[in-house]
Every structure is written in structure tokens, then in C-alpha cells.
Amino acid sequence: MSKKYILEMFPYPSGNIHMGHVRNYVIGDICARYHKLKGDEVIHPMGWDAFGLPAENAAIQFKTHPQDWTLSNIKNMKDQLLKLNLDLDWDRELATCNEDYYRYQQELFIDLFNAGLAYKKDAIVNWDPVDQTVLANEQVIDGKGWRTGATVVKKNLSQWFFKITDYAEELLNDLDKLTLWPEKVKTMQKNWIGKSIGAEIKFKIAEKDRFLNIFTTRPDTIYGATFIAVSINHEIVSEILDKVSIEKIRKGFDEVNDDKEKIGIKLNIRCKHPILDKEIPVYIANFVLDNYGEGAIFGCPAHDERDFEFAKKYNLPIIKVIDCMDSELPYMGDGKLINSPLLNGLNKDKAIVEIIEYFIKSGTGREKINYKIRDWGVSRQRYWGCPIPVIYYEDGTYRVLDKSELPVVLPYDINLQDKGNALLNKESWRNIICPKTNKKAYRETDTLDTFVDSSWYYIRFLNNKIDKPFDPSQANEYLPVDKYIGGIEHAILHLLYSRFFMKALRDIYKLKIDEPFKQLFTQGMITHKTYKTTNNEWVMPIEVISKNGKLLRHKTNETIEEGPSEKMSKSKKNVVEPDEILENYGIDATRVFMISDSPPDRELEWTDEGIQSSKNLVNRVHRYFSEKKGDINLEIEKEIEKFVHNIEKNILNFSLNKCVADIYTLFNHLEKKNVYLYNDKLSKKILICLFPIVPKLSKSLNETLFKSDDFEKWPEIKTDLLIEDRIKLPIQIQGKLITTIDTKKGYSEKEILKSIYELDKIKNKMHNKKVTRIINVQDKIINIIVN
RNA sequence: GCGCCAGUGGCGGAAUGGUAGACGCGCUGGUCUUAGGAACCAGUGGGCAACCGUGGGGGUUCGAGUCCCUCCUGGCGCACCA
């Protein structure tokens, strides 16, 4: 018996299940039910990604408590999921906001800290001065706080980080092992990690006993360097200028209208060229990123677009060091080096190797691999999240708690209406006496990013009751998740964080697992036509009626314009509610529609015709099994065998739309032949294959026809029944189809040609022509080549 | 700008380099019905035809929707990443 861990991304309990969830979970459910029938040991859990900002917002808006709001949403959404008749392991259920989940996450935090993978450092954050809180990037709209409208300021705060950069190389390399992941997701992760190979070069500052480090992927162009540019946040800036001037410059940078426009402020220092006996100016430039490389660059205007633009604006020299013939500058391509005594005549790649060797010898630089990915900042100045198990002393030092001191329980009794972080305001919780030192101390009031919660939930599902985060031997046995199904919107963050967690936990707990998700399947979104009144007011599809070919709003008779199909969203009102659909069409028809109209990884357009025809199919299958007539022959058996084979193949490939086609094909055939199987044993086979897709119908038919409430194992394919002994053989002349002939498989070429030449269609085409070649792909095609 | 993916009937979509359009929706005609978002039967890429047809152009091959080159269009992702 082999294990199959099938997992759908767990939902955020926002209040209601939407159609996107339904599609996601139906896809997973079909896989899980199939594997169960196959006799596999299936793990198919469900839980709740229950911490997060919406709960706090709702609490403020509706004067409720985040916990009450969340738990009641979970209850409601669980009821909805139960109605979907999903075959889930509810005994594995977990919610990340419950103490019996997050206390183990606090243990993992301690593990990560002890392994050197969690650390604290200062970082710049978006600060809302009115609400006295940090805002996430997406909560800053046009530089203003989304709730207060106050101008957000950058603030330097001490924050916790996870050292994902330690794993950058492995996270990149192991993407190659993920053969069952969509290429698209892997590409996105690859770009996010952003590995680039280049060099770090040390520029001596002429006026100071100090160097400026820069990173470049083009050290070969060093002879063309005519300036240095640093980011406004570079430490050299604060060494030279006072705070007021820096802020003035920063403000100037911020006020640029065109964010591509390059501006620079010349500093009164110069850098020595590492090879040539000359000095080049140093600028603070708005286009130098402070969070990439060293936050400093050397400018080679002749061979870099941005440097070129900058040099033009500030009249800096442009020295050509790559022979690009008549090409206009800047020229970024390859070519022979010129004006570069040590490198002249070499091509780019060779020159890079040479110059790095020179840097190493002269102590002016070295080869450097740089990654775009930065360490994961996990501190959130928010109440509704997992408390970080750290305490601070009055002298500013801190201590990460021992596991025996856990859990740090999130206090229930808080006031969210006050400004700022509710935990910071909750002094009775925050202020403690350290039990180890008896010193006054206060708790860390930041909570963990909710992406931490979802980075290991798939491990906790293996045993949600064990009194430690997880059991390593169990993890080794049941991980990785065999099929992970969810939306592409998590292509980077969640999936990358989870991969990092898996690797970190592997190293801490000596696991044998490198990757959390063996196969990733990203389902497409559900779209729906949009409807608007002439006043541009969005209208729900259910309100729209068609009258004499015109669309009208049911109640008011307003004219309605139909817009393009877009992702279902509340704001555009183009949603359909799962509860209503289930009520009107039933669960099986809903399941069928979720998979029928397009491949599961593409978008699915919701249409009334679509759901109705799914309903019709379910009814038709039901009706089919209401009588027994016709003669069962070998051909019928073969057809059913083919059906079993196709359904199986298509479920395994996630080609679920083709499963629906298989069902139509089978019943079209049976009805055409006027064979109604009723309780013949062949019906059993069909019902088993239908079970993953339409479980309710299949189960009820099984009860009616066979008085059984259980299914046998998935049928073994009788391969001999899949073999056709007669085939339709296409006959081509010059590669063009002329006709097809009905013949036995395994015909002899000589004999079949004889009969082919007798055919009128062929005779006509061959008139006056000589056969020069025969291509016979046995049992597939015959192609006659004539002169 | 860079990267990735995709362009097939009226529509959604099928096709290990080997009969393009499976299957469904829609549509047309018919049957049954008091009625039907029901069911059933027949038809449905274009063209009267020879033939022509998988975004355009070229190539490889006996044979291309499929492989290669190139261009166009659309979608997604990243975006001053040095």
C-alpha cells in the first residue's frame, strides 16, 4: 500500500466559501477519492489559515473580537465544506490561531533561533503616524495609510528575520528536482531568488582611509568606469552628510515625477580607480537600490543604459571599452575589449575571468555571487498573530524563551479600538518578571507574519495532537505532499517560504525530506461575465434577465450592459454563491461543472448553460441505470474497459475535463447500442469510475442496483480488452489523406497494397504515375509517394 | 524593457510527428409533451465543387496544430536587480 498525501491550500476563514474554493477542493477531492479506491493510504486534511489582518479590521468595523469573528467564520465555512461532500480527514483539522497550533510554532521559532536561522536587526518599515502602527506594503496607497489617510513615513525598527538567504543556492538548485511543478512557478521563484555571478570591487576613497564596495556583473568593463553611485541609504552618505541634508536630498528624490528620471548629488569625495591612476567622482543617485548588492555601483556609461543616461545628464566622460563597431552607445552586448590594457582583445567572458584574477592578486576585489532574495522579515506589529517567544530586559537585551516556558498565549482581553499595537497597549500582558532572572522584563509585542503559519501546517497535519511540532519519523514517512493544489497567486511567497521551512527543519531535525511538495498543481480562476447599468453600477448576474434579446435588471427594468468575463469578485458583483448553486443544482452537478468546461489549470468561465448541462449529465446517468435491456457483447465490454483506462489516465494527469468527455462518450455509446446494463456486474465497474467525480450519484446507484454501501477496489485494467483487432487505416498519397480502409491489425504490407491499388480513389490519383516509395507505419498509416 | 506561456469552428476545448476539430455548449430541422432550463432523433469548420483550412511568413520531414527560425497578437510575472 502506498501513501498519497493530497493537499489543497487551506483557506483563510473570511466568512464564506467562494466558487474558487469549490473548484480547488473538488479537484483535490477527485484525486483523493480515486487513490482511496486504488487502495492507497490517503491523507487528505483540511484546516484554517486563521491568523491575519482581516480579522482585526472586522473587529474594529463590527465591534467584535478577532477570535470570535474567526472562530464563527470557521464554523460557518466548515458547514459549507461539509455540504460539498468532500472526502476530508476532519480528524486532522487545525486552525493556526488556536493555541494547540501556534504554541508549536513558537517551538519552531526557538529551534530556528538556536540554529542561527532567526535573528534580529534594524529594518525600514512603513509607519502610520496616526495609528501608531506598521503597515504592510499593500496597505500603503499612494504613500498614505489606507485607513487614516496619513502620510506614511519610513521608520527604522528592530525586526525579526529568518535567514532564508542561507538556503538561496539550494532553493534555486532544487527547483530542478521539482519535475512535477509548473515551469512558470519555477521560473518565478528563480527570478525572485535572482542569482547573479559577478564581482565585488573595492574602491579606495581618496580622502578617507576607507573603501567603497560595489557589486557588478560586468567587471570586464572596469576600464570604462567614470563614476561611482551610491544609494541614499548607504552608510557612506551618513558619514559625510548630516541628517538634515540627507533628508533634503531624499525629499528631492521622492518628488521626482517620472520615477525613471535619474538624479544624482555629487559628494565631495572621490574614489581611486582600482587599476588606473585616476580618481572618479562619487554621487548619491536615486536609481541605485540600497537593498541589492552593496547599494553602490560603478558607472560605465558606454556599456550600461542607466549609467549612460546619468552620464549624459551630468556630463560625465563616456569611455568605450568594448569594440562594438558602429553600434550606438550604450552597447551591452559581447565584443572584444579595447582601451583596457590588461584585457584588450579578449571577449567578455574571458575578460571577466582575467580581471577577477587581477582583483584577487591586487587585493582590490573578488568573485562574488549575489542574490536578489533578502532575509524574510517576520515581525508584524499586529495583535492577531502568533506571539514571538522573546522577552526584553530594561537594558535592551533580550532572551528567547525556553520551550518549557511555552506557550506564550495571545491575550483575549484587549482593546483594538485604541491606536497602535494592541499587545503593546496591553501592559498587564506585556510587563512580566523574568522567571529566570527575576528581573523586570517585557514581552515581544510583535507577532509572526502569517506566512510562517502556513509554512509548516502540512507537517502538523500528520499529527495535529502530538505534544511537539511533529514527529520526525512520521514526517519522513509521509512527506512530501504528493499533490499540492492551489492558486498560482502563491507562486512565490508561500511556496518559497514553505520550501525554506522544509529545508531548515530537515537540518534541525535531521529529516530526509528536501522538498515539501512533490507535485504542485495550480488551478485556474473562475470567471464570470460582468454586468453594469448605464450609470456604471455593477449588477449581480442573478438580477439580470433577458427580454426580447435585451438585458434588463429584473426589479427596475434598467438597461444592462454585458461586460467581459473577469475573475469573480465581490467588487464587480460577478459572483455566484456556492450555497445557492448547491441548492439549485446539487453537489454532483456542481462538481461536474467545476471540471468540465476547461482544463483545471486554466480559467473556467461560469455560465448558466454550463452548470445546467452538468446537471443534465447527472440526470442522464441516473436515468440510464433505471432499466435493463440489450445484449452485452465483447464490444460493450471493450468500451467499458477503455472507459476505466481513460478515466484513470485522465485523473492522474489532472485532465479532469477529459474525464467528463469520457463519461459522455461511454453513455453515448451504450445508448446508441441500446444496451442498458442496470445491475449487470459491468455496471459496478462504471460506478466505481464515476465515484470520484459524482460520488453522491454513484453511491446511491450502488445502493439501488447492488444493495451495497461500499465499493470494490478500482478495477485492474484488462489490457487485452484494450486492444482493437480491426482498425481504420488512413491511406495517403504524397502525405495527403485520400481515403481510409477498414482492415485487420497486423496486415501484411504487400497484400494491403494490392487491395489499395484496386480502390477507385487511389487509381484516379495514381493515373500515369509511378510509385517511388511506400511509407508503411504498421497499423498506423500508409503513405504512397509517387513521382 | 526583460522573462514565461498561449493563439485550433460561433464558443469552451480534443489531438505519443501519422485521419485536425474528440467531448460539450450554442445553433438548425424534426419527434414527444398542456407545458418545459426536460428527453429523444438528424445535422452542424469553410466552399456548389475540385479543393481550402490550426495567428502571418519561411524551414526540417514521406508526413507538421505538434519540431526549428522569424514576425504579429493576447495573457501573466518581474521591472532602474548594476
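Computation of the quantities below employed the complete heavy-atom set of this structure, encompassing side-chain atoms and omitting hydrogens, waters and symmetry-equivalent molecules. All figures in this text were calculated on a predicted structure; none of them were measured in a lab.
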Looking at A:Glu169 and A:Lys195, is any side-chain nitrogen of the basic one under 4.0 Å from a carboxylate oxygen of the acidic one?
yes
For A:Asn657 and B:C23, is the shortest distance between a side-chain N/O and OP1 or OP2 below 4.0 Å?
no
Does a side-chain N or O of A:Arg218 approach OP1 or OP2 of B:A82 to a distance below 4.0 Å, or not?
no
What pattern of brackets, bars and dots sums up RNA chain B from 5' to 3', given Watson-Crick or G-U wobble pairs under 3.5 Å, [ ] for crossing pairs and | for another strand?
(((((((..(((.....[....)))((((((.......))))))((....))..(((((..]....))))))))))))....
Using only side-chain N and O atoms of A:Lys736, determine if any of them is under 4.0 Å from OP1 or OP2 of B:C52.
yes
Taken to the nearest whole Å, CZ/A:Phe593 to C1'/B:G13 is 13 Å
Side-chain N,O (A:Arg602) to OP1/OP2 (B:A14) below 4.0 Å:
yes
Residue set satisfying side-chain hydrogen bond (donor to acceptor under 3.5 Å, both in side chains) with A:Lys186, at least two apart, ordered chain then number -> A:Glu183
Test ring pair (Phe, Tyr, Trp, His ring centres under 6.0 Å) applied to A:Phe227 and A:Phe308, A:Tyr314, A:Phe310, the passing residue
A:Phe310
Ion pair check, A:Glu639 and A:Lys673, cut-off under 4.0 Å:
no
A:Phe287 ring centre to A:Lys262 NZ or CZ under 6.0 Å, with the angle to the axis within 45°?
yes
Does A:Lys672 make a side-chain N or O approach to OP1 or OP2 of B:A42 shorter than 4.0 Å?
yes
Given that A:Gln732 and A:Val660 both sit by RNA chain B, which one's nearest nucleotide is further toward the 5' end?
A:Gln732
On RNA chain B, check which nucleotide each of A:Lys262 and A:Pro599 is closest to and give me the residue with the more 5' one.
A:Pro599
Distance between the P atoms of B:A14 and B:G21, in whole angstroms?
15 Å
Once you round it to whole Å, what is the distance between P of B:C80 and CZ of A:Phe215?
16 Å
I'd like a table of atom pairs between the protein and nucleotides 24-31 of chain B - only N or O on both sides, under 3.5 Å - with the distance next to each one.
| unit_1 | atom_1 | unit_2 | atom_2 | d |
| --- | --- | --- | --- | --- |
| B:G24 | OP1 | A:Asn668 | ND2 | 3.2 |

